[in-house]
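What follows is a single structure, written as structure tokens, with notes after it.
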Amino acid sequence: MQPAYRLQAATGIHRGDRQYQQDQVMLMAHPYVHGCLLGVLADGMGGRSGGRKASDQVMLTARQLFERFEPGKEDCTALLESIVHESHMVIRLTAISAEQEPHSTIAAFVLLPQGRCHWVHSGDSRIYHYQGATMVHRTKDHSYVQSLVDRGELTEFEAHVHPKSNILLGCLGTEAEPPMSHHVIEHVHPGTTLMACSDGVWHYYTAEELGTVLNALTPREATEFLIDKARVRAQGGGDNLSLVVLKLEALEPVTA
């Protein structure tokens, strides 16, 4: 039997030091299935309006597909794949009609009522899974420097500070099909925290720092702190910032 828990959640977004906001983030409860949630984040790229158009399309597609999703009957992995593929297709069509080059990352997770969690990502927006302050798992970026880490040519720290750390191997809206990586958490528990964030956030923190903040603070406090501290560390050169935090807290036992 799964331990009882309550959900606390928050989203945060900031333009940073960029002229335009191209990130988008959403946390959405299922319209008729209690305890089913979708978190999705998109980091748009492509100039003044192209990137925002791309991230807007990710949000719209995710919302429409999730509203029609039947958790007890349909496969959650298939839902997330559909969100990625359909967003990619619509962004490609936008590029043709608008004569722009809109691209976007995506990091999305679905928490099911029975405590199973599925996630998918494409690009370098990340999802982190913590138990308490300890990181259990995180996504691997579809990036040039991550490929060097995988081949043993760079350490994680060297990749973090590499001058080409922002070069992606794929994302939504390119000519090629977007890369897509899946992960499943079989059972979330009290003390579990999930965070999806754009590179404008994670670039300024170690995994240990993130775990400490997420464990110590409420989701709302954590989103505000992480954005504020990243802005300071960026020293006037920061990217757009966006994140969604979902935290599971144990319910106090009812006494007679």
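With sequence neighbours left out, the ring-ring contact (aromatic ring centres under 6.0 Å, His included) criterion links H137 to W119, H183. Judged as a salt bridge (Lys or Arg N to Asp or Glu O under 4.0 Å), and not counting sequence neighbours, D199 has no contacts. In this structure E177 satisfies the salt bridge (Lys or Arg N to Asp or Glu O under 4.0 Å) test with no other residue, sequence neighbours excluded. Taking H14 as the reference, nothing meets the ring-ring contact (aromatic ring centres under 6.0 Å, His included) condition, with sequence neighbours excluded. Taking the ring-ring contact (aromatic ring centres under 6.0 Å, His included) definition, one finds that W202 meets it with H160, sequence neighbours left out. Every residue two or more places apart in sequence or in another chain was checked for a salt bridge (Lys or Arg N to Asp or Glu O under 4.0 Å) with K164, and none qualifies. Remark: R63 engages no residue in a salt bridge (Lys or Arg N to Asp or Glu O under 4.0 Å) (not counting sequence neighbours). Evaluation of the ring-ring contact (aromatic ring centres under 6.0 Å, His included) rule for H162 yields no partner, not counting sequence neighbours.
The backbone N or O of Q22 lies less than 3.5 Å from a partner atom in the side chain of N240, making a donor-acceptor pair. Counting only distance, with no hydrogens or angles, the side chain of H88 and the backbone of S104 share no donor-acceptor pair below 3.5 Å. In this structure a side-chain-to-backbone donor-acceptor pair under 3.5 Å is missing from Y128 to T193. Side chain of E158 to main chain of T155: a donor-acceptor pair is present (N/O by atom type, distance under 3.5 Å, no hydrogens or angles). Under a 3.5 Å cut-off, the side chain of Q131 and the backbone N or O of P190 do form a donor-acceptor pair. Remark: side-chain polar atoms of Y205 are paired, donor with acceptor, to backbone N or O of L226 under 3.5 angstrom.
Within the 4.5 Å cutoff, side-chain heavy atoms of D124 are placed close to those of T105. The shortest distance between side-chain heavy atoms of H129 and R138 does not fall below 4.5 Å. Between L111 and L194, every side-chain heavy-atom pair lies at or beyond the 4.5 Å cut-off. Side-chain contact check for M195 versus R126: every heavy-atom pair is 4.5 Å or farther apart. Side-chain contact check for S181 versus H121: some heavy-atom pair is nearer than 4.5 Å. For the pair V244/F109, a side-chain contact is recorded, criterion being any heavy-atom separation below 4.5 Å from C-beta on. For the pair D150 and K140, the minimum side-chain heavy-atom distance is below 4.5 Å.
Of the residues listed (L248, L7, L246), the one engaging V188 in a side chain to side chain contact (heavy atoms under 4.5 Å, CB included) is L248, and it is the only one.
Heavy atoms only, all atoms of each residue included: S122 and C171 are closest at OG-CA, 3.8 Å. Listed here is the closest heavy atom pair of G200 and A230: O-CB, 4.2 Å. When all heavy atoms of Y204 and G238 are compared, the pair lying nearest together is OH-CA, 3.8 Å.
Residue F157 is found in a hydrophobic cluster whose other members, listed by chain and number, are V161; membership requires side-chain heavy atoms under 4.5 Å apart, directly or through intermediates. Cluster note: I91 groups with M26, M28, L38, V40, V58, M59, L65, F66, F69, L79, L80, I83, V84, I106, V110, L112, V120, L172, M180 through ILVMFWY side-chain heavy atoms spaced under 4.5 Å, whether in direct contact or through intervening members.
Summarising the geometry, atom CD belonging to Q114 is positioned 8.5 Å from atom NE2 belonging to H187; distances are rounded to the nearest 0.5 Å. One finds the OG1 atom of T223 at 10.0 Å from the CG atom of L214 (value rounded to the nearest 0.5 Å). To the nearest 0.5 Å, atom CD of residue Q64 and atom OG of residue S82 are 12.5 Å apart. Atom OG1 of residue T206 and atom CD of residue E156 lie 12.0 Å apart, to the nearest 0.5 angstrom. Note that CG of L41 and CD1 of I13 are 7.5 Å apart. Values are rounded to the nearest 0.5 Å.
Sorted by first then second residue, the salt bridge (Lys or Arg N to Asp or Glu O under 4.0 Å) pairs that include residues 223-248, not counting sequence neighbours, are D17-R231, R18-D239, E209-R233. Among residues at least two apart or in separate chains, side chain to side chain donor-acceptor pair (under 3.5 Å) pairs with a member in residues 23-39 are D23-S198, D23-S242, Q24-D56.
E221 and T218 share a donor-acceptor pair across their side chains, judged by distance under 3.5 Å alone.
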